[in-house]
Undergrad: 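What follows is a single structure, and I will ask about it in a moment.
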Number of protein chains: 2
Amino acid sequence: MVVDTELTDDEVDRIFRALADATRRDIIRRTLVEETSVSELAGTYDMSFAAVSKHVAVLEGAGLVTKHPYGRERRVRGNPEAIRRAQRLLDAYEQIWRNRIGRLDALLDEPRSTD
Amino acid sequence: MVVDTELTDDEVDRIFRALADATRRDIIRRTLVEETSVSELAGTYDMSFAAVSKHVAVLEGAGLVTKHPYGRERRVRGNPEAIRRAQRLLDAYEQIWRNRIGRLDALLDEPRSTD
DNA sequence: AGTATCTACAACCATTTGGTTATACGTTAC
DNA sequence: GTAACGTATAACCAAATGGTTGTAGATACT
């Protein structure tokens, strides 16, 4: 079952942009390991709670994390499916490269396993 | 031979940031297929040559493309190695997730192949 | 009820980004 | 030599980003 994640340019923009910040990448790491409240996250970074809250919002907007109310907390959970989606995006470039190699081989009339 | 691409936060920032723009992603695609001069690239986007030149500079700064002088042209070439480096970055998150699963299994005292 | 905690959000600010036009320089063509 | 082409870069501008403080709403604690 190929889900065919047809992502818009805007969605892809958001995913990579969200990944382009060390604090946000750290939040992803931590929340992939275990669900963590926003204030718990904020406690370990050298910036205001509001700043961390914004980072979480950026990650949420990109689908890289989800938030789950738990009492007065909002627990943040890393979304491995979104990570895989990003991986597939990069795989596409890798594939373009491999296809190119295949085409060059064809030009050189030098048959080779194309997998 | 594991090269152990020890990337700094800044370098990782630049890579994902460079990927967070549709025009730049298109330039990567095109230059992975074949080396292309900056003006040739610029000809197909609805923006000035200078804007495209800047996009190429951003990609170059992230290591995603390289430029090669050829007469008065600068030919842009996609760098598949940098793409793979980005893939490895995402793989690391995937791995964190998989490790988590392993740990949960351990908690549940439900042994399973840990690869 | 009253207080402390967790969160969201607005307003603000400095810096960066993504675009523009204009200028300058090296290379090719005539 | 001069004109045309390919490129880089500076100066400029609007919008987005990443931070701040302050305010206010829910929820939990006593």
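Bear in mind that the values here come from a model prediction, so they are computed numbers and not experimental data. The sequence lines fix the lettering, A, B, ..., with proteins before strands; numbering per chain opens at 1. Any value given below was found using the heavy atoms of this structure, including those in side chains, with hydrogens, waters and symmetry copies removed.
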Undergrad: Got a sec? Which of residues 18-29 of chain B come in under 4.0 Å of DNA chain D, heavy atoms?
TA: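 Heavy-atom cutoff 4.0 Å gives no residues at all.
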Undergrad: Assign each of S39(B) and D46(A) to its nearest nucleotide of DNA chain D by heavy atoms, then name whichever residue's nucleotide is nearer the 5' end.
TA: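 Looking at the nearest nucleotide for each, S39(B) comes out on the 5' side.
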Undergrad: Search all heavy atoms of A62(B) against all heavy atoms of A18(B) and return the closest pair with its distance.
TA: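 Closest approach of A62(B) to A18(B): CB-CB, 3.8 Å.
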Undergrad: Looking only at the side chain of S53(A) (C-beta and beyond, no hydrogens), which of the listed nucleotides dA8(D), dC6(C), dA8(C) gets closest?
TA: dA8(C)
Undergrad: Would a distance-only check, ignoring hydrogens and angles, find a side-chain to backbone donor-acceptor pair under 3.5 Å from R24(B) to R17(B)?
TA: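 Judged by distance alone, yes, a pair lies under 3.5 Å.
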Undergrad: Apply side chain to side chain contact (heavy atoms under 4.5 Å, CB included) to R77(A) and H68(A), showing your working.
TA: CA-CA 8 Å; R77(A) 189 186 300 168; H68(A) 304 88; 3.4 Å; yes
Undergrad: For T31(B) and I27(B), indicate whether the former's side chain and the latter's backbone hold a donor-acceptor pair under 3.5 Å.
TA: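 Side chain of T31(B) to backbone of I27(B): a pair is present.
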Undergrad: Between R88(B) and E94(A), does any NZ, NE, NH1 or NH2 come within less than 4.0 Å of an OD or OE carboxylate oxygen?
TA: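 A salt bridge is absent here (no side-chain N lies under 4.0 Å from a carboxylate O).
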Undergrad: Where the side chain of R74(A) is defined as all heavy atoms beyond and including C-beta, which of dG19(C), dA8(C), dA28(D) is the nearest nucleotide?
TA: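 Out of dG19(C), dA8(C), dA28(D), the nucleotide with an atom closest to R74(A)'s side chain is dA8(C).
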Undergrad: Which of the following nucleotides, dG18(C), dG6(D), dT7(C), is nearest to the side chain of E73(B)?
TA: dG6(D)
Undergrad: Please check this pair: side chain of R25(A) against backbone of D9(B), looking for a donor-acceptor N/O pair closer than 3.5 Å.
TA: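 Checked: pair present.
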Undergrad: Indicate, with a heavy-atom threshold strictly under 4.0 Å, whether A57(B) touches base, sugar-phosphate, or nothing.
TA: nothing
